[in-house]
Protein chains: 2
Amino acid sequence: MSAGTDHPGVPIRPTMKDVAAAAGVGLKTVSRVVNGEAGVSEETARRVRAVIDQLGFRRNDGARLLRQGARTGSVGLLLEDVADPFYSQLSRAVEEVVRAHGALLLTGSSAEDSERERALALGFCARRVDGLVVVPTSADHGYLAPEAAAGTALVCVDRPMPGLDVDTVLADNRAGAAIGTAHLLRQGHRRIGYLGDAPDIFTAAERLAGYRQAMADAGHPVDESWIAMGRPDPLEVRFVLARLLGGPEPVTALMCGNNRTTVAVLRELAGRQERPALVGFDDFELADLLAVPVTVVAQDPALMGRTAAELLFRRLHGEPAPAQHILVRTRLIPRGSGEIPP
Amino acid sequence: MSAGTDHPGVPIRPTMKDVAAAAGVGLKTVSRVVNGEAGVSEETARRVRAVIDQLGFRRNDGARLLRQGARTGSVGLLLEDVADPFYSQLSRAVEEVVRAHGALLLTGSSAEDSERERALALGFCARRVDGLVVVPTSADHGYLAPEAAAGTALVCVDRPMPGLDVDTVLADNRAGAAIGTAHLLRQGHRRIGYLGDAPDIFTAAERLAGYRQAMADAGHPVDESWIAMGRPDPLEVRFVLARLLGGPEPVTALMCGNNRTTVAVLRELAGRQERPALVGFDDFELADLLAVPVTVVAQDPALMGRTAAELLFRRLHGEPAPAQHILVRTRLIPRGSGEIPP
DNA sequence: TTGAAAGCGCTAACAT
DNA sequence: ATGTTAGCGCTTTCAA
């Protein structure tokens, strides 16, 4: 072994040098065999391969990449939470594309914490990923400018990246929320509550804007007390619903800003008497099989992920300059809950 | 720049050498500043830092690791499909532990294809991950033996690894399925159908064995026609249910082997008249809010993921030899569907 | 067909 | 406090 004393508990990986020595050939010959290059007699190649198997040699791609100065064939994916069904579907789509390009995927969840996201992003860059697919937090991302300038491809998905103009794939948040709200208005609802995510989150703000716009377009005033923005927390949702559905002038319908909120609301409603109409932004599994099937404005997370990843590889393959901004359409799926009359 | 001609479309990353030259200091001084080592005057350090920011220098961890011969601080996670809620929860738990240890996570989905899993695993190993958390396919994994011998920590989760005895975290599959089946028997059911995943999948086989055992323990014979094993495919489920629920002696209850199958069955049942009792293996979101809430044998994917990842790091921190086999308990959650009488 | 030497970006060990 | 040299595991270049 190359590293002298081979402590039992501290195994050492054999290197090409070890293989070369054991096979009685030069280093370059081993390299040729490992990489399937021409110029090695079948006899020699066989001997080298035997030693490789016997020693359990596996090429160190880190060293290879260092020498070649080439791309690492790895891509980083940064999102809020892999366990959120929206992101896990997006994630799978990204992974599929990455795999099709023979690359490896590094994944990290920011948990909506920009410091954590930053640490992950820089960690990925220090590992020299070829590119990054990011669902950015709302903090400034200027720190990624040097990376982008150094050739790390950058694509945002689901949200834009504050402080940096890069390729971006977004859902049609505002229009989607407007369509969902308009749908409720069409059923005759006038007092429509809106439960959205924390307002500093781009999608939450956009969707709220869509709600306001639909109300305005229909000429119906919005009572600010109908609006509740915040992380989807069961207890919080309980308080909000008690407020919105109680009192002398309760709302008769609810628009929910994301699938986590919708599910939290459904769970809370199950324990209450009121059955307000409900439209959720973002589809979710079993929405169609609930006691009252849930009307949603569906996104297409797989399409968003695929689009973002393909954009990334197009950049890596040298597609030229201006940052693209792609909007992915949403669509209303009426299932029942959104058609409940006031 | 170190690489001479700086083509516009081909950006080159500055290296420590570049920083050193631009700052008019030696290479090692830059290294000291970058790594926060002592022995640099504040004056010099400031100048170096200024150049670093200006050039957008970022240390190449690949080179660093190569030189140090140290661990890479990265871990690979291989599972069947990140978009399956069971695995996405497991995945998040693994990621959490990995992050707590300051490491990075590479993720790959095998899609139940052992060739693909092998390619991913070896790719990870070529990148010199410190360890691998794997949900193994049913193929032989002897090819990982050299990696394990070379010091790559290996932990299996959800399924054991054929051909290699390593640390393993499993759910209590057999007992869980037996408890679910016994629950149905207790309600008076005798003709109980079993819909499981492909029989070469460890968990599918174990759970089926649990079903058989419960039936045998109760002294009730199993008609082989009640058993249907295969990938959860909507069309397939449709045929199976038509067969099980039609005919002169239909089953009165169903035991489902995993959450994908359960959901597929629920979807199909929604379009049919019959309302057989139903127990699903593995819990899923909204199971409690369906028209008939679904009784399940719940696993704890987060606990399984956390346990596996912690085991991995304990190995990396030098915990000694024998492979551990940890069983994570399942528990029956009665919600309604499993309490429907025959 | 084969291999010796140089060097990728970095750090360890040793100067100064 | 700072710099020089060697070398991690590999590939590239060039010579034999």
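Order of the sequence lines fixes the chain letters, A, B, ..., with proteins taken first and strands second; residue numbering starts at 1 for each chain.
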Original post:
Separation of B:Arg67 atom CZ from C:dA12 atom P, in whole Å?
Top reply: 7 Å
Subject >> B:Arg13 to B:Phe57, cation-pi by 6.0 Å centre distance and 45° axis angle >> reply: no
Original post:
Which whole-number value in Å describes the distance from A:Leu55 CG to D:dG9 P?
Top reply: 13 Å
**OP:** Assign each of B:Leu27 and A:Val25 to its nearest nucleotide of DNA chain C by heavy atoms, then name whichever residue's nucleotide is nearer the 5' end.
**Re:** A:Val25
Original post:
OP1 or OP2 of D:dC10 sitting under 4.0 Å from any side-chain N/O of A:Ser31?
Top reply: no
Subject >> Nucleotide C:dC8, atom C1' - distance to CZ of A:Arg71 in whole Å >> reply: 17 Å
**OP:** Check the distance between C:dC10's P and B:Arg64's CZ and give it to me in whole angstrom.
**Re:** 11 Å
Original post:
Is there a donor-acceptor contact under 3.5 Å from the side chain of B:Arg71 to the main chain of B:Leu316?
Top reply: yes
Subject >> Rounded interatomic separation in angstrom, taking CG from B:Leu66 and P from C:dC10 >> reply: 12 Å
**OP:** Take atom CG of B:Asn35 and atom P of C:dG9, then tell me their distance rounded to the nearest Å.
**Re:** 17 Å
Subject >> Test item: side-chain donor near acceptor, A:Asn60 and B:Arg127, under 3.5 Å >> reply: no
Subject >> N/O donor-acceptor pair under 3.5 Å between A:Glu95 side chain and B:Ser109 backbone >> reply: yes
Original post:
Given C:dC10, is OP1 or OP2 found less than 4.0 Å from the side-chain N or O atoms of B:Gln68?
Top reply: no
**OP:** Examine distances only and state if a side-chain atom of A:Arg47 and a backbone atom of A:Thr44 form a donor-acceptor pair shorter than 3.5 Å.
**Re:** no
**OP:** Give, ordered by number, those residues of residues 37-54 of chain B having at least one heavy-atom distance below 4.0 Å to an atom of DNA chain D; if nothing qualifies, reply none.
**Re:** B:Gly39, B:Val40, B:Ser41, B:Thr44
**OP:** Please determine, by modelled atom types, if A:His101 and A:Asp130 share a side-chain donor-acceptor pair under 3.5 angstrom.
**Re:** no
Original post:
Are the side chain of A:Asp18 and the backbone of A:Thr15 linked by a donor-acceptor contact shorter than 3.5 Å?
Top reply: yes
Subject >> Spacing between B:Asp61 atom CG and C:dC8 atom C1', to the nearest angstrom >> reply: 15 Å
Original post:
Can you tell me how far P of D:dT11 sits from CZ of A:Arg59, to the nearest Å?
Top reply: 6 Å
Subject >> Side chain of A:Lys28 - closest among C:dG9, C:dA4, D:dC10 >> reply: C:dA4
Subject >> B:Arg128 or B:Arg32, whichever maps to the more 5' nucleotide of DNA chain D >> reply: B:Arg32
